[in-house]
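Chain A is the first sequence line, chain B the second, and so forth, proteins listed ahead of strands; every chain is numbered from 1. Since we're looking at a predicted model, the values are computed, not measured.
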2 protein chains.
Amino acid sequence: MKDVWKKFDETEPSHSSIHHLMAVYHLHQKNGYARGIDIANYLNITRGSVSITLTKLRDKNYLTEDENKFYHLTEQGQQLVSSALNKRHIVKRFFSEVLQLPAEVAELDACKIEHLLSNETGEKLICFMGYYLSEKPEVLNFRLGFQQFKYKCQSVAECRLCESDCFFSGKEISKTG
Amino acid sequence: MKDVWKKFDETEPSHSSIHHLMAVYHLHQKNGYARGIDIANYLNITRGSVSITLTKLRDKNYLTEDENKFYHLTEQGQQLVSSALNKRHIVKRFFSEVLQLPAEVAELDACKIEHLLSNETGEKLICFMGYYLSEKPEVLNFRLGFQQFKYKCQSVAECRLCESDCFFSGKEISKTG
DNA sequence: AACTTTTGTTTTATTAATAAAACATCGGTA
DNA sequence: TACCGATGTTTTATTAATAAAACAAAAGTT
């Protein structure tokens, strides 16, 4: 695959745009409406910047503007927001409930990657979490075993999980430490 | 936490820079040296762009330039590369071996998020994979059970795993489909 | 040595996301 | 009604990452 690494910031729409859309969603939930100034305050950027970005998003049919300058997500915009929000949510749960990461790390990491993950990955992760959180006996045993488990990274040569130059080498890693 | 969403492209160094460093690493492995032109070809960008970026990275002490214009990673640069590579590696394995995503999706998603994940998350994921890939009986049972498991997303209201506006709603999701 | 090719650098330009400030408009109130 | 404050828009500027093209230097070839 050519130029995989460039795909990173070629998401359409961009990370920034998605957060503008999520702001609209959030403000509607909270206040029942979303104006430019509200979005600007929420995202902590200027009104001018918001005006420019939202005009583009309007032209691309992610949202509409009514007579009162209130913004509304279109079907298309809402779908993007839902998709990102759901991925963030499930990733965060995986990070905190399976990997046992502190809430802030889980939140931050989930937010950073939410819109980069494919929907396919999101779906599979939901499936996994559905299983992991079930009360099936084999799952309970698995969780119990994991509680006890400590992964001791062997010498660089023997480490099965890292690439060469394993930077965790020598560290003992457990769920909690 | 203020402006979490902005943290996304405030990684230091940037996604692009890290890929320049990874190119140096890769080319050293493959050819034993790394020149500007090689990096440009590898990343599929122009020599001019590489020259500018590498000068900045040199000034920031991520790499050095020798008399022959060959680039070498410093300790600091090597550490960044290792960290990103290890995270990519373990994430990719999680995606393909646990979530059973197709190789290309696993690769692409892993590449997109590699440098955004905290080292802490990388470590915990390694620990999890160390456990998941072990031959412990409770793990084997867990894997077996997961093979069979299908997660059926309930109605929006009942879905335990998505946020409101669950976009997977109604779909049956299994490991393989 | 003169020419050609390869490689590296510099300059000019573009695009996206932003700030800042000027400008425009609208709504209320003195 | 005339002004003030809030909000939205436009203009100008900045930064990072890039391309493209001009330029420079070194290395190889004839």
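- At least one donor-acceptor pair under 3.5 Å links the side chain of B:Y131 to the backbone N or O of A:F142.
- Partners of A:E12 according to the salt bridge (charged side-chain N to carboxylate O under 4.0 Å, His left out) rule, which considers only residues two or more places apart in sequence or in another chain, are A:K60.
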Under 3.5 Å, which protein N or O atoms sit close to an N or O of nucleotides 26-28 of chain D? Give each pair with its distance.
none

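- Under the salt bridge (charged side-chain N to carboxylate O under 4.0 Å, His left out) criterion, A:K69 pairs with A:E65, not counting sequence neighbours.
- With sequence neighbours left out, the side chain to side chain contact (heavy atoms under 4.5 Å, CB included) criterion links A:L140 to A:E135, A:R143.
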Check: protein-nucleotides 7-9 of chain D nitrogen or oxygen pairs below 3.5 Å:
{"from": "D:dT7", "atom 1": "OP1", "to": "A:R35", "atom 2": "NH1", "distance (Å)": "3.1"}
{"from": "D:dT7", "atom 1": "OP1", "to": "A:R35", "atom 2": "NH2", "distance (Å)": "3.4"}
{"from": "D:dG8", "atom 1": "OP1", "to": "A:G36", "atom 2": "N", "distance (Å)": "3.4"}
{"from": "D:dG8", "atom 1": "OP2", "to": "A:I37", "atom 2": "N", "distance (Å)": "2.6"}
{"from": "D:dG8", "atom 1": "N7", "to": "A:R47", "atom 2": "NH1", "distance (Å)": "2.3"}
{"from": "D:dG8", "atom 1": "O6", "to": "A:R47", "atom 2": "NH1", "distance (Å)": "3.2"}
{"from": "D:dT9", "atom 1": "OP1", "to": "A:K69", "atom 2": "NZ", "distance (Å)": "3.1"}
{"from": "D:dT9", "atom 1": "OP2", "to": "A:S51", "atom 2": "OG", "distance (Å)": "2.8"}

Atom pairs, N/O to N/O, protein against nucleotides 15-17 of chain D, distance under 3.5 Å?
{"from": "D:dA17", "atom 1": "OP1", "to": "B:S14", "atom 2": "OG", "distance (Å)": "2.6"}

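- In the helix from C:dA1-D:dT30 to C:dA30-D:dT1, the end axes, each obtained as the rotation axis mapping the C1' atoms of four pairs onto the next four within a five-pair block, lie 30° apart to the nearest 10 degrees.
- Residues forming a side chain to side chain contact (heavy atoms under 4.5 Å, CB included) with A:L144 (at least two apart in sequence, or on another chain): none.
- Of the side-chain N and O atoms in A:T46, none sit less than 4.0 angstrom from OP1 or OP2 of C:dT18.
- Taking A:S16 as the reference, nothing meets the side-chain hydrogen bond (donor to acceptor under 3.5 Å, both in side chains) condition, with sequence neighbours excluded.
- The side chain to side chain contact (heavy atoms under 4.5 Å, CB included) search around A:S17 returns A:P13, A:S14, A:T53, A:L57, not counting sequence neighbours.
- Each ring pair (Phe, Tyr, Trp, His ring centres under 6.0 Å) pair with one or both residues in residues 59-92 of chain B, not counting sequence neighbours, appears once here: B:H28-B:H72, B:Y33-B:F70.
- In this structure, B:F70 atom CZ and C:dT6 atom C1' are separated by 13 Å, rounded to whole Å.
- Scanning both residues, B:W5 and A:L43, for their nearest heavy atoms gives NE1-O, 3.3 Å.
- By the salt bridge (charged side-chain N to carboxylate O under 4.0 Å, His left out) test, A:K6 is found to be paired with A:D3, residues two or more places apart in sequence or in another chain being considered.
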